2 protein chains.
Amino acid sequence: MASAHEQFRDLAWKCGLAATHQRQIIYEAVTATPGHHSVEAVFAEVRGRTPSISLATVYKNLRLFVEHGLLREVSPHSSMLLVEGNLEPHHHLICTRCKAVQDLDAADFVNFKKLARRAPRGFDLSRPLVEVFGLCRRCSAKT
Amino acid sequence: MASAHEQFRDLAWKCGLAATHQRQIIYEAVTATPGHHSVEAVFAEVRGRTPSISLATVYKNLRLFVEHGLLREVSPHSSMLLVEGNLEPHHHLICTRCKAVQDLDAADFVNFKKLARRAPRGFDLSRPLVEVFGLCRRCSAKT
DNA sequence: TCTTGGATTATAATAATTCTCGTTTAAGAA
DNA sequence: TTCTTAAACGAGAATTATTATAATCCAAGA
């Protein structure tokens with residue numbers, strides 16, 4: 001069984017990335033525990049092991065790992081405030097790359113009964129908003 | 001038939017908000033055209049009618065309108081970068097208020113065939129990510 | 001070992017958003 | 001209508017998250 005260290009070196013090699021010590025511990029900080037990790041949290045954890053590490057390094061490598069598919073980004077949407085006046089129940093289709101948003105008026109692709117069963121008790125889904133992420137044609141063409 | 005002006009005064013009154021000129025034109029800038037509006041776009045439009053208006057006023061009132069349900073926010077998620085190491089296909093349940101994220105491991109509430117039919121041609125849904133927004137128990141209790 | 005291009009660091013810069021506070025205004029009361 | 005007052009506005013400063021820059025540093029192949 002390969003060590004975590006060796007596993008990462010292997011992954012990095014497959015992506016053509018140098019397997020530096022910093023990347024190693026950033027990757028491990030995210031994958032060691034399940035759930036969702038903020039940059040601050042990763043930075044705090046990583047600094048415990050390598051106090052000289054820079055926040056910019058954490059940012060850069062998290063983005064790099066996401067680009068190469070080693071990590072996933074939670075909610076890969078535009079970081080700016082967007083509003084809409086359409087209050088009719090409808091949903092959104094968002095391009096992960098260019099962040100363009102399109103409306104999906106028919107919600108028949110979501111089974112809200114099943115969804116409600118999956119949600120934890122007390123979670124209010126009375127006015128649900130569903131957003132689906134993918135790559136728009138233009139961005140998937142570029143690759 | 002009430003004018004747009006009167007309609008807004010009525011809406012504002014129902015929410016207990018003062019119907020100021022600035023609010024009027026901000027609201028109209030968003031609702032006059034369908035689709036998704038950035039703060040910059042709203043500001044630019046609104047400044048054409050009332051050059052003295054402040055960007056802070058636009059921000060403040062857009063947030064206010066969203067809080068009161070007069071407008072919807074597109075992607076009401078945490079504005080900070082979050083990553084996860086779990087690469088297994090799974091989805092997210094996000095609290096609109098506190099931005100907490102939970103995993104939804106079973107995707108059986110989404111009919112991907114129907115979804116693909118709804119999406120525009122060429123939109124790449126080969127690795128779909130679905131995020132569902134609502135209010136977690138704690139936040140819906142506070143109201 | 002040596003070389004070299006990519007990686008890291010500290011710091012500066014940027015961009016989006018929010019806060020502060022003095023001024024103005026909406027809207028109910030007189 | 002005028003008065004009163006809490007709320008709203010405007011200008012610019014402040015804050016926060018993130019990215020760019022430029023000088024070292026190091027991983028990895030020759």
Side-chain angles (χ1 to χ4, degrees), chain A residues 5-6 8-29 36-44 46-68 70-71 73-83 99, chain B residues 5-6 8-29 36-44 46-68 70-71 73-83 99:
Chain A
H5 189 77
E6 284 162 342
F8 175 75
R9 294 182 68 84
D10 191 46
L11 276 173
W13 180 83
K14 279 179 189 156
C15 300
L17 301 175
T20 67
H21 175 65
Q22 287 88 341
R23 284 176 181 173
Q24 177 88 45
I25 60 173
I26 290 168
Y27 180 78
E28 282 173 12
H36 315 99
H37 303 258
S38 70
V39 176
E40 267 315 310
V42 173
F43 183 50
V46 140
R47 215 166 23 167
R49 294 225 261 151
T50 300
S52 72
I53 202 166
S54 155
L55 181 58
T57 300
V58 176
Y59 269 104
K60 206 178 302 177
N61 286 305
L62 288 178
R63 288 232 176 275
L64 194 72
F65 292 159
V66 168
E67 269 173 34
H68 285 83
L70 273 65
L71 297 178
E73 180 178 356
V74 178
S75 301
H77 37 58
S78 160
S79 63
M80 290 182 303
L81 176 61
L82 287 179
V83 295
K99 317 303 186 190
Chain B
H5 189 76
E6 284 162 343
F8 175 75
R9 292 184 69 85
D10 191 48
L11 277 172
W13 181 83
K14 279 180 189 156
C15 301
L17 300 175
T20 67
H21 174 67
Q22 287 88 341
R23 284 176 181 173
Q24 176 89 45
I25 61 173
I26 290 167
Y27 179 79
E28 282 174 12
H36 314 99
H37 302 258
S38 70
V39 177
E40 266 316 309
V42 173
F43 183 50
V46 140
R47 218 171 16 171
R49 292 227 260 152
T50 300
S52 72
I53 201 166
S54 155
L55 181 58
T57 299
V58 176
Y59 269 104
K60 206 179 305 174
N61 287 303
L62 288 178
R63 287 231 178 277
L64 194 72
F65 292 160
V66 168
E67 268 172 35
H68 285 83
L70 273 66
L71 298 178
E73 180 179 356
V74 179
S75 300
H77 40 60
S78 160
S79 62
M80 290 183 302
L81 177 60
L82 287 179
V83 295
K99 317 301 186 191

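None of the values given here were measured: they were computed from a predicted structure. In what follows, chains are A, B, ... by sequence order, proteins preceding strands, each numbered from 1.
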K.L.:
Which one of B/N61, B/V58, B/I25 satisfies the side-chain contact (heavy atoms from CB on, under 4.5 Å) criterion with B/V42?
P.N.:
B/V58
K.L.:
C/dT17 P sits how many Å from A/M80 CE, rounded?
P.N.:
7 Å
K.L.:
Nearest-Å distance, CZ (B/R9) to P (D/dA8)?
P.N.:
14 Å
K.L.:
Can you tell me how far P of C/dA16 sits from NZ of A/K99, to the nearest Å?
P.N.:
15 Å
K.L.:
Can you measure B/E40 atom CD to C/dT14 atom C1' for me and round it to whole angstrom units?
P.N.:
14 Å
K.L.:
So, for B/A29 and B/V46, which heavy atoms are closest and what is the spacing to 0.1 Å?
P.N.:
CB-CG2, 3.9 Å
K.L.:
Atom CG of A/D10 and atom C1' of D/dA27: how far apart are they, to the nearest Å?
P.N.:
17 Å
K.L.:
Work out which heavy atom in A/H68 is nearest to a heavy atom in A/C15; give both atom names and the distance.
P.N.:
CD2-CB, 3.7 Å
K.L.:
Any idea how B/F65 and B/F8 line up, ring-wise: parallel (<30°), tilted (30 to 60°), or perpendicular (>60°)?
P.N.:
perpendicular
K.L.:
Under 4.0 Å, heavy atom to any atom of DNA chain C: which of residues 47-66 of chain B qualify?
P.N.:
B/L55, B/A56, B/Y59, B/R63
K.L.:
What integer distance in Å separates A/H77:NE2 from D/dT18:P?
P.N.:
11 Å
K.L.:
Going by heavy atoms in the side chains, are A/E73 and A/R63 under 4.5 Å from each other?
P.N.:
yes
K.L.:
Who passes side-chain hydrogen bond (donor to acceptor under 3.5 Å, both in side chains) against A/H21, sequence neighbours left out?
P.N.:
A/T50
K.L.:
In residues 19-28 of chain B, which ones come under 4.0 Å of DNA chain C, going by heavy atoms?
P.N.:
B/A19, B/T20
K.L.:
Tell me, please, which residues at least two apart from A/R47 pass salt bridge (Lys or Arg N to Asp or Glu O under 4.0 Å).
P.N.:
none
K.L.:
Which pairs, with at least one residue in residues 19-28 of chain A and sequence neighbours excluded, count as a salt bridge (charged side-chain N to carboxylate O under 4.0 Å, His left out)?
P.N.:
A/E28-A/R49
K.L.:
Looking only at atom types and distance, does a side-chain atom of A/S75 sit under 3.5 Å from a main-chain N or O of A/H77, one as donor and one as acceptor?
P.N.:
no
K.L.:
Between protein and nucleic acid, restricted to nucleotides 28-30 of chain C and to nitrogen or oxygen atoms under 3.5 Å apart, what atom pairs and distances do you find?
P.N.:
none

K.L.:
Which heavy atom in A/L55 sits nearest to a heavy atom in A/F43, and how many Å separate them?
P.N.:
N-CE1, 3.5 Å
K.L.:
If we ignore hydrogens and angles and just use 3.5 Å, is the side chain of B/K99 paired with the main-chain N or O of B/P76 as donor and acceptor?
P.N.:
yes
K.L.:
Would you kindly give the CG-to-P distance between B/L17 and D/dA8, to the nearest whole Å?
P.N.:
7 Å
